[in-house]
Every structure is written in C-alpha cells, then in structure tokens.
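First up is the structure itself, then whatever we jot down about it.
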There are 2 protein chains.
Amino acid sequence: MDGVHIGYVMIEENDNKPSQRRNYRHGDLRRALLEAGIALARNGGPEAVVLREATRQAGVVPNAAYRHFANRDDLLRAVRAHALSQVAIAMETELDKLSPTLPPLAYAQGCVRAVGTGYLHYAHAEPGLFKTAFFFHEGVEADADPAKAGNSGLNPFQLLSQALERLAAAGGLPPERRLGAEYLAWSAVHGLALLISEGPLQGVPEGMRQALGQRLLDMVEKGL
Amino acid sequence: MDGVHIGYVMIEENDNKPSQRRNYRHGDLRRALLEAGIALARNGGPEAVVLREATRQAGVVPNAAYRHFANRDDLLRAVRAHALSQVAIAMETELDKLSPTLPPLAYAQGCVRAVGTGYLHYAHAEPGLFKTAFFFHEGVEADADPAKAGNSGLNPFQLLSQALERLAAAGGLPPERRLGAEYLAWSAVHGLALLISEGPLQGVPEGMRQALGQRLLDMVEKGL
DNA sequence: ACAAAATGTGTACGCCGTCCACATACAATA
DNA sequence: TATTGTATGTGGACGGCGTACACATTTTGT
C-alpha cells in the first residue's frame with residue numbers, strides 16, 4: 001500500500017508531514033516548509049536555510065514555495081519569528097523557577113537574572129536557531145506579533161523590559177539610569193551569548209560557562 | 001594613448017591598480033583582489049565579498065583568483081585579517097590619547113576604556129568591515145599573525161588583555177576576578193557594538209550613542 | 001636557449017533564487 | 001449537479017555563484 005504510483009506524483013505513505021504525499025495538493029505546505037526551514041536553521045544557522053532544500057524536504061517542486069512565501073527572505077523571517085518565540089519561552093522557563101514569595105527587590109533582581117540566564121541557555125542549546133533569531137536585528141521592541149512571543153505573549157525584548165521595570169519599581173535601579181537600561185543589559189548578555197554559541201567560548205566546559213554567565217549577570221546587576 | 005587595444009586584453013591606461021592592464025600578467029593580482037574584497041566588505045559585510053565580483057573589479061577572469069586564494073573563504077579570511085588590524089588600530093588611536101602622566105590606576109582604567117571606545121567607534125564607523133572582522137569568531141587569542149595586528153603588533157584581543165593586565169597590576173581588578181575578565185569585557189562591548197553597527201541602535205544620534213557607550217564602560221569598570 | 005614553474009584563460013558543472021506559462025484540484029455559484 | 005474562478009503545484013528557463021580541469025602565456029632558473 002505504500003510507495004504506490006498514482007497519477008504523476010508517485011511517492012506516498014501517509015498524506016501528511018513526515019515523508020511524502022499522494023495528492024497534487026500538499027495540504028499543509030506552508031507549515032511543512034517552515035518546519036523544514038527551522039530544521040535547516042537548527043543545524044547550520046540562517047545561511048543554511050535554503051529554499052530549494054526546504055521544498056525538497058517537503059517533497060515539492062522549488063517554485064511551490066512561492067505560493068506561501070514571497071521569497072527566501074520571507075521564509076527566513078518566519079523561521080526567525082519561531083526562534084524568537086523559543087528564546088522567549090526559554091526566558092519564561094527560568095522566570096517560572098523563581099519563588100514569588102521573595103521580597104520584591106530580590107524577586108526583581110531574580111527576574112533580570114532569569115531573563116539573562118534563559119537567553120544564555122538557549123544560545124548554548126540551540127546555536128543555529130539563536131543565530132537565526134538575531135540575524136536581522138530588526139526592531140523587536142515594539143512588535144506585537146505573537147509568532148515572536150512566548151507563552152506570556154511577550155517577546156524576548158519585552159520580557160527584558162518587564163524585568164527592568166520591576167527592578168526599577170523595587171528600587172533596584174535608580175530612575176536616571178532606567179532609560180536605555182535594556183540596551184546595556186542586552187548588550188552584555190548578547191555578547192556573551194555570541195561568544196558561547198558561535199565564538200571562542202564554544203567548547204568551554206559546562207561549569208566554566210555557567211560561572212561566566214553568572215559573573216556577567218553580577219556585572220550587569222552591579223553596574224546597571 | 002589611453003584605451004588602446006593591444007593583444008586581446010584591450011582596456012588600458014596605466015598598467016596598475018586603478019582600472020585595467022595591458023599585460024597578460026596582472027602583476028599584483030593578490031593585492032588587487034584583496035582590496036576589492038575589502039571594498040565589498042566595507043559596504044555589504046562579509047556576505048557581500050563575492051569572488052567573481054572581486055575578479056571583475058581586478059579586470060581578470062574568475063578563475064585567476066584561485067592562483068592567489070584557495071577559495072572564496074580564503075579571500076574572506078584575508079579581508080577579515082585586514083579588518084581586525086583596523087580594529088586594533090582604532091583601539092591604539094584611543095590609547096594614544098591617554099596622558100601617561102596619570103596615576104597608575106587611572107591610567108589603567110583609561111586603557112580599558114580606550115580599548116572599548118576604539119572598538120565601539122570602529123563598529124560605528126565601518127559596520128561592514130566590523131561585521132567581517134568578527135564573522136568567524138575564531139581564536140584570535142593566541143594568534144601572532146601581524147596581518148591581524150595594529151601598529152603595536154597586538155591584535156584587538158591582545159590589546160584588551162594588555163589593558164586588563166595593567167588594570168590588575170594597578171589594583172583595579174582583584175586577582176580572583178582576573179581570569180576570564182577578557183570575555184566579560186569583550187561580551188559587553190561586543191554586544192553594544194553589534195546593536196550599534198547592525199542592530200536597533202543603528203540610527204541613534206551621536207550623543208546618545210556616546211552616552212550609552214560610556215555607561216556601558218562604567219558598568220564594565222564597576223562590575224568586572 | 002630552453003625547460004620548468006607561475007600565472008591567467010576558456011569551458012563546463014552543479015547549485016542557488018526567481019520568473020513565466022501551464023496544469024490540476026478545490027469551492028462557490030448557478 | 002455542472003461550471004467557472006481561484007488557489008496551489010509543476011515544468012522549464014535564466015542568470016549568478018563557487019569551483020574543477022585543461023590549456024595558453026609569460027617569467028624564471030639553468
């Protein structure tokens with residue numbers, strides 16, 4: 001029953017995602033292409049997401065992609081949105097570990113650290129997607145697109161903003177230093193994330209990596 | 001006398017770099033290709049340095065490049081080396097502004113700031129080359145290649161190390177925090193450099209950019 | 001003067017993104 | 001239910017890229 005030759009699109013088994021299809025219509029090509037793109041980005045980073053390969057994995061002719069994405073860049077942006085949302089989720093995972101019974105200042109500081117830790121963790125766990133997420137550094141600040149957000153509905157930048165807001169409210173960040181604090185914190189964490197995910201700190205052992213991350217967050221906390 | 005048609009390589013004027021040549025042999029192709037590559041990287045970043053375009057600018061057939069560079073990547077690495085050396089020079093320029101009559105601790109702190117300032121300045125002034133310089137984050141730490149160094153013979157990472165060493169010697173950095181300090185400082189400054197050169201801080205006005213840079217360096221100084 | 005080594009040329013291959021015309025399936029309507 | 005329009009996939013083609021192989025030309029070392 002599998003591998004039957006029907007019409008001129010032969011290959012088949014189940015008409016869904018895994019391998020092939022029997023119909024002229026794919027049924028869920030956009031999703032299939034996106035997932036292929038994500039897989040490509042996952043191991044190989046943004047430059048590895050190549051349109052033709054995605055269509056190959058979806059079992060479809062190259063041009064079919066243009067019914068769902070304007071061009072390669074459009075596909076890449078969709079992959080990026082997914083990666084951003086994953087970063088947000090990684091942050092939220094760390095945030096959820098915090099005990100809400102902490103005193104406000106400690107809690108707020110914990111939030112900032114959690115955001116940073118999630119970021120660093122994701123960069124290490126998924127370097128390809130991480131790189132894709134921040135390939136275009138294109139305004140995520142005021143972007144309400146839920147495709148780029150985590151479960152809270154906030155994207156990574158917004159989660160950082162929220163944490164800093166809380167910190168300011170708890171008195172952990174003097175008002176005159178509140179403006180632009182996002183960019184200082186982001187700079188520091190992003191820089192280390194790059195060194196870890198694609199830089200000279202790639203092979204570094206777990207313990208050392210954690211320690212560096214915490215020292216960096218200390219620095220941010222102290223110096224923000 | 002110019003534009004003469006000689007043999008089968010017609011175009012001519014002066015047989016040197018600017019435009020074309022009359023000889024079968026180019027004479028200085030490697031340099032010409034490298035300079036073309038640098039120009040391409042300058043406006044367009046690493047992905048803009050395309051082998052065929054470089055050969056076009058050098059007035060030579062594509063394959064000629066392979067007599068001087070193993071492949072496109074090899075050319076890109078040469079461009080990167082040049083960019084790194086420019087970064088080092090930008091740092092040295094800032095270092096030279098320091099008055100050596102300062103007390104040791106202030107001088108050492110000034111050195112660290114100068115290194116960071118030079119880095120940030122270059123990232124803003126030459127975003128394409130800056131991006132190329134750190135496209136491969138590939139061990140520059142123990143690289144004695146003079147092509148990647150500035151006038152002092154030290155590359156950017158080594159200049160940072162030197163500054164931190166001085167800071168530690170002057171008592172501005174406790175010994176237990178000396179190890180890995182390079183990566184913390186580098187992270188912070190590199191992150192901001194990215195946001196400025198290709199990120200959401202691109203269009204930001206001069207004053208704001210300077211201020212952010214100094215605040216970031218404050219943070220590093222305080223929190224290292 | 002001549003052979004060997006260095007350097008540039010010509011031609012070709014496979015891969016990529018993308019355009020255009022055409023085929024097929026599905027859905028709304030008559 | 002038959003028809004027609006629209007969404008979606010196919011086929012073929014183009015130009016650009018990196019690069020391999022064989023060949024031509026110049027320079028250099030004997």
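Just so we're on the same page: letters track the sequence lines, and every chain starts at 1. Side chains are part of it too, since the values below use all heavy atoms of this structure and drop only hydrogens, waters and symmetry mates.
Within the cation-pi definition used here (under 6.0 Å to the ring centroid, within 45° of the axis), Lys131(B) qualifies as a partner of Phe135(A).
Residue whose closest nucleotide on DNA chain D sits further toward the 5' end, between Arg72(B) and Arg52(A): Arg52(A). When each of Pro62(B) and Asn63(A) is assigned the nucleotide of DNA chain D bearing its nearest heavy atom, the one mapping closer to the 5' terminus is Asn63(A).
Atom OH in Tyr66(A) sits roughly 15 Å away from atom C1' in dT10(D) (whole-Å rounding). In this structure, Arg67(A) atom CZ and dC22(C) atom P are separated by 14 Å, rounded to whole Å. As a whole-Å value, the separation of Leu75(A) CG from dT18(C) C1' is 14 Å. In this entry the distance linking NE2 of His26(B) with P of dT27(D) reads 14 Å, nearest Å. If you measure from atom CG of Leu33(B) to atom P of dG18(D), you get 12 Å, rounded to the nearest angstrom. What separates CG of Asn23(A) from C1' of dT10(D) is a distance of 15 Å, to the nearest Å. Between the CG atom of Leu29(A) and the C1' atom of dA25(C) there is a distance of 15 Å, given to the nearest Å. One atom, CG of Leu76(A), and another, P of dT18(C), lie 11 Å apart when rounded to the nearest Å.
Taking 4.0 angstrom as the limit, Arg25(A) places none of its side-chain polar atoms (N or O) nearer than this to OP1 or OP2 of dA23(C). Remark: His68(B) is in phosphate contact with dG8(C), judged by side-chain N or O atoms under 4.0 Å from OP1 or OP2.
Using a 4.0 Å cut-off on heavy atoms, the residues of residues 41-51 of chain B that approach DNA chain D are Val50(B), Leu51(B), listed by number.
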- Query: Passes salt bridge (charged side-chain N to carboxylate O under 4.0 Å, His left out), Arg113(B) versus Glu94(B)? Steps please.
  - Reply: CA-CA 9 Å; Arg113(B) 297 189 84 95; Glu94(B) 294 297 324; over 6 Å; no

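Without hydrogens or angle criteria, Glu198(A) side chain to Pro127(A) main chain gives no donor-acceptor distance under 3.5 Å. The main-chain N or O of Phe157(A) is never found under 3.5 Å from a side-chain atom of Glu182(A) such that the two would form a donor-acceptor pair.
Gln210(A) and Gln214(A) share no side-chain donor-acceptor pair at under 3.5 Å.
Backbone-only engagement by Arg56(A) is indicated by non-hydrogen atom pairs under 4.0 Å involving sugar-phosphate atoms exclusively.
No more than 12 heavy-atom neighbours from other residues, nucleotides or ligands sit within 6.0 angstrom of CZ on Arg42(A).
Listed nucleotides dT10(D), dT19(D), dG8(C) differ in distance to Val61(A); the shortest reach to its side chain belongs to dT10(D). The nucleotide whose nearest atom lies closest to any side-chain atom of Ala64(A) is, among dA12(C), dG17(C), dT10(D), dT10(D).
Distance check, rounded to the nearest 0.5 Å: OG1 of Thr55(A) to CG of Asn63(A) gives 8.5 Å.
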